[in-house]
Asker: 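Take a look at this one; I'll ask things after.
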Amino acid sequence: MHRRILTALLTLTVSACATTKPAEPPPTESPPAQQPTTPAPDAESFRATQPKPGAPPELVLPTFEKAQLDNGLTVIISTRKELPLVFVGIAFAAGVSQEPPAKLGVADLAYRMLLEGAGKRDTVALDNAFGDLGVSPAMSVEPDGAFVGARVLTTNVDAAMSLLSDVVLRPTFDAKAFDRRKKQQLGELVRRMGDPNFLAQQAYYQAVFGKDHPYGHTSGGTPTTVQSLTLADAKNFYLKNTGPRAAALIMTGDVTLPQAVAWAKKYFGGWKGGAVAPKPPPAPPAPPREQVRLVPKPGLEQTVVLVGRPGLAAGHPDEYALELATTVFGGFFGSRLNMNIREDKGYSYGANASLGTRLGVGPLTAYAAVRQDVTGPALNEFMKELSGLKTKPITEQELAAAREGLIRAFPGAFETVEGLGGSAAQLYFHRRPMDEFKKSVEGLRDASAAEVQRVAEAYLDPASMQVVLVGDPLVIQEQVTPLNLGKLTLVETAGPDTAPASRPATP
């Protein structure tokens, strides 16, 4: 039955298909009227118009807060809640500049001994205790202070603070650990003495600040001074220069000021000591250049060129204007010095300049490593560019580029909680207010073209710039003497059995 119904339906369907009238073809349309053709645009024409940059992101600066315990310990924090991370550290106000002249290198040795055993733990046990928290503590020793700390998960802050308090309050200063650390420092110095850049820096600080100035030497000491250091020297330096009135607890990240103060009281509230933060070193003189210092490295393929003078202390009224002037001169890729030495002449892979502000007056420095065969011409271009700041005043375009570059670089220092911690430590080292970064941005924005030009002519005068060269002495003597920049003077490096010394170059 069902099959017959289905067969009948199929038959009807086929019949319907067979009798359907075919569709009429669509009527033909007359062709449209021909329109005038427009020439196709040039596929490369877009290159004639430079794309417009998007709106720059809003500059957001971190907020720093400060408190002080009854025993004088400073507490500095910056809160950032995005991640459950906290950087905890102690900043010490005494650094390399507090070393006695006969004991150079003792600051590095003393502070690095803090991680060689503390409380009831020796070097290995202390390292393992930090490792159990998933961290490795970092230490830095600078001219104006020292800093030790680590980044930890928020849940591990209390444990990290306990370890940090042992490191700071109860270092063991073990004799065997001291001997090992001293050998490591001597080995590092031997390596550095073969580095032309370190030799240049060593001679440069002495040239700019003077041999006996607190800033007149590099960190780490010399092989001679470090060899003479004893465990008592390191321990005495630490005890004499540290204490709650000469230190700051730094906490950044997932932490608030009340929390930080509570931790500070718990772990450092009983810290005692008579040390106070040292005064800024005296400002060095900036006499006219009378000599060109030469550190001999026979056969060196490049010549290291350092040109500079004393600059400014942090917080000086001219700081922001001079930062801009220095940036125009050599502080970024498009600066006058780099475009000349690298791009136009091809003498070097790069030349730069920087203003190193410190608690006291820091160095104002220009640097390049140039081909040996163009040592004289390259140094001559340094002097031409310095003179050009007066004969060819800084343009509005140059000033705008420097201003934008410096201001946009600020967030790079605050990307991590460690970066925030380092920035907080710099505020402490230089005795700056908690809104210093905000003031810096405002100062860079507000510095007028007239101010920038004034400081450029006052501080970047080529006659006041000291010159240090490291390279082949015969090449340097042949090429630099005709420039008449001053008496060529040999600087002997501080090797294992010698001390730095200067003497006239042999004609």
Asker: Only counting residues at least two apart or in another chain, list the ones meeting side-chain contact (heavy atoms from CB on, under 4.5 Å) with Val208.
Answerer: Tyr204, Pro310

Asker: Kindly assign one of parallel, tilted or perpendicular to the pair Phe209 and His213, based on the angle between their ring planes and the thresholds 30° and 60°.
Answerer: parallel

Asker: Going by the rule salt bridge (Lys or Arg N to Asp or Glu O under 4.0 Å), which residues pair with Arg181 if we only count those two or more places apart in sequence or in a different chain?
Answerer: Glu116

Asker: May I ask you to decide if Asp373's main-chain N or O and Gln479's side chain share a donor-acceptor pair within less than 3.5 Å?
Answerer: yes

Asker: Any chance the side chains of Gln291 and Thr489 put a donor and an acceptor closer than 3.5 Å?
Answerer: yes

Asker: Can you name the salt bridge (Lys or Arg N to Asp or Glu O under 4.0 Å) partners of Lys439, sequence neighbours left out?
Answerer: Asp435

Asker: With sequence neighbours left out, which residue pairs that include part of residues 446-455 fulfil the side-chain hydrogen bond (donor to acceptor under 3.5 Å, both in side chains) condition?
Answerer: Asp318-Arg454, Ser448-Glu451, Gln453-Glu457

Asker: For the pair Arg358 and Asp144, find out whether any cationic side-chain nitrogen is under 4.0 Å from an anionic carboxylate oxygen.
Answerer: no

Asker: In chain order, what residues pass the ring-ring contact (aromatic ring centres under 6.0 Å, His included) check against Phe329, with sequence neighbours excluded?
Answerer: none

Asker: Counting only heavy atoms not in Arg151 (residues, nucleotides, ligands), do more than 12 fall under 6.0 Å from its CZ?
Answerer: no

Asker: Can you tell me which residue pairs pass the side-chain hydrogen bond (donor to acceptor under 3.5 Å, both in side chains) test with a partner in residues 47-65, sequence neighbours excluded?
Answerer: Glu44-Arg47

Asker: Checking Glu404 now: which residues fulfil side chain to side chain donor-acceptor pair (under 3.5 Å) with it, not counting sequence neighbours?
Answerer: Arg408

Asker: By side-chain contact (heavy atoms from CB on, under 4.5 Å), which residues pair with Asn241, not counting sequence neighbours?
Answerer: Ala94, Gln98, Phe237

Asker: Could you pull out all residues at least two apart from Glu142 that satisfy salt bridge (Lys or Arg N to Asp or Glu O under 4.0 Å)?
Answerer: none

Asker: Please enumerate all residues that pass ring-ring contact (aromatic ring centres under 6.0 Å, His included) together with Phe87, with sequence neighbours excluded.
Answerer: Phe147

Asker: Can you list every pair that meets ring-ring contact (aromatic ring centres under 6.0 Å, His included) and has a residue in residues 429-474, with sequence neighbours left out?
Answerer: Phe64-Phe437, Phe414-Phe437

Asker: List the residues meeting salt bridge (Lys or Arg N to Asp or Glu O under 4.0 Å) with Lys345, not counting sequence neighbours, and say none if there are none.
Answerer: Glu381

